[in-house]
Amino acid sequence: MLKFKKNGVKNICLIGMMGSGKSLIGKDLSKIYKIDFIDTDIEIEKKVGKNINLIFNEYGEDYFREIEEEVCLKVLEYDNCIISMGGGSIINFKIRNVIKKNSFSIYLKVSRDILIKRLNKSKKRPLLNDKNKEDVINTLYQKRKIFYEKADLIIQNNDEKKDIINQIRNNIQ
Ligand code: S3P
């Protein structure tokens with residue numbers, strides 16, 4: 001069982017922009033602590049029965065955000081999990097409030113240049129398809145950073161994976 005100084009913590013939530021390494025780091029942490037790893041995008045895909053691209057294309061972003069709210073609020077009530085939160089979930093105030101109340105949140109902060117490099121080839125991010133990726137990333141980041149930066153722990157994720165994991169471990173009892 002994970003232990004934290006903050007009261008009422010049920011899970012560790014990884015937050016940050018798409019491409020910030022939430023799933024990669026989250027899977028490693030879940031192996032280290034031998035607890036479950038949940039990726040909210042995968043839960044959304046299972047619930048709808050389609051991948052994220054198809055959900056955006058066929059039903060639109062508003063529908064995706066509705067399902068995202070439902071799924072995130074559900075998984076945030078689980079116990080003792082590492083949860084990778086979809087990058088845009090933080091703009092939803094209900095999700096934000098529950099994260100604040102019952103999770104230990106970790107913001108994986110990545111420089112814009114690295115994000116752009118990582119996301120340039122991604123075909124899995126509908127918000128970036130057929131758009132100027134740099135502009136979209138800048139706009140999304142500007143809207144979201146105020147929320148990301150309220151995390152319980154901020155980790156600059158530009159280093160080696162093992163260094164990131166060590167920094168996180170040093171902050172978790
Ligand atoms: C989104 C991020 C994606 C996914 C969807 C929208 C966003 O998740 O939920 O494509 O708005 O930033 P990841 O952050 O896991 O890539």
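As a basis for the values below, the full set of heavy atoms in this structure was taken, side chains included, without hydrogen atoms, waters or symmetry mates. Read the numbers this way: they start at 1 and go in the same order the structure lists the ligands and their atoms. Residue numbers run from 1 in the order of the sequence given.
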Is it possible for you to check whether R96 lies under 6.0 Å from the centre of the six-membered ring of F147, through NZ or CZ, and within 45° of that ring's axis?
yes

Given [options], which one has a non-hydrogen atom that is nearest to [atom]?
| atom | options | answer |
| --- | --- | --- |
| atom 12 (O) of ligand 1 | R125, E61, R144 | R144 |
| atom 1 (C) of ligand 1 | G19, S20, G88, G21 | G88 |
| atom 2 (C) of ligand 1 | P126, S84, G87, G26 | G87 |

At under 4.0 Å between heavy atoms, which part of [X] makes contact with ligand 1: side chain, backbone, both or neither?
| X | result |
| --- | --- |
| I52 | side chain |
| L127 | side chain |
| R65 | side chain |

Joint hydrophobic cluster, I15 plus L127, side-chain heavy atoms closer than 4.5 Å
yes

Linking I/L/V/M/F/W/Y whenever their side-chain heavy atoms sit closer than 4.5 Å, directly or via other members, would I44 and I90 fall into one cluster?
yes

Taking all heavy atoms of I172 and all of I12, pick out the closest pair and write down the distance.
CD1-CD1, 3.4 Å

In terms of side-chain heavy atoms, does S103 have a donor or acceptor partner in N11 at a distance below 3.5 Å?
no

Do R65 and N92 have side-chain N/O donor and acceptor atoms under 3.5 Å apart?
no

Side chain or backbone, does D41 bring an N or O within less than 3.5 Å of an N or O on ligand 1?
yes

Who's the nearest protein heavy-atom neighbour of atom 14 (O) of ligand 1, and how far?
K22 NZ, 2.5 Å

What residue among L24, N157, D28 forms side-chain contact (heavy atoms from CB on, under 4.5 Å) with I164?
N157

Hey, which atoms in ligand 1 end up nearer than 4.0 Å to a heavy atom of F64?
5 (C), 9 (O)

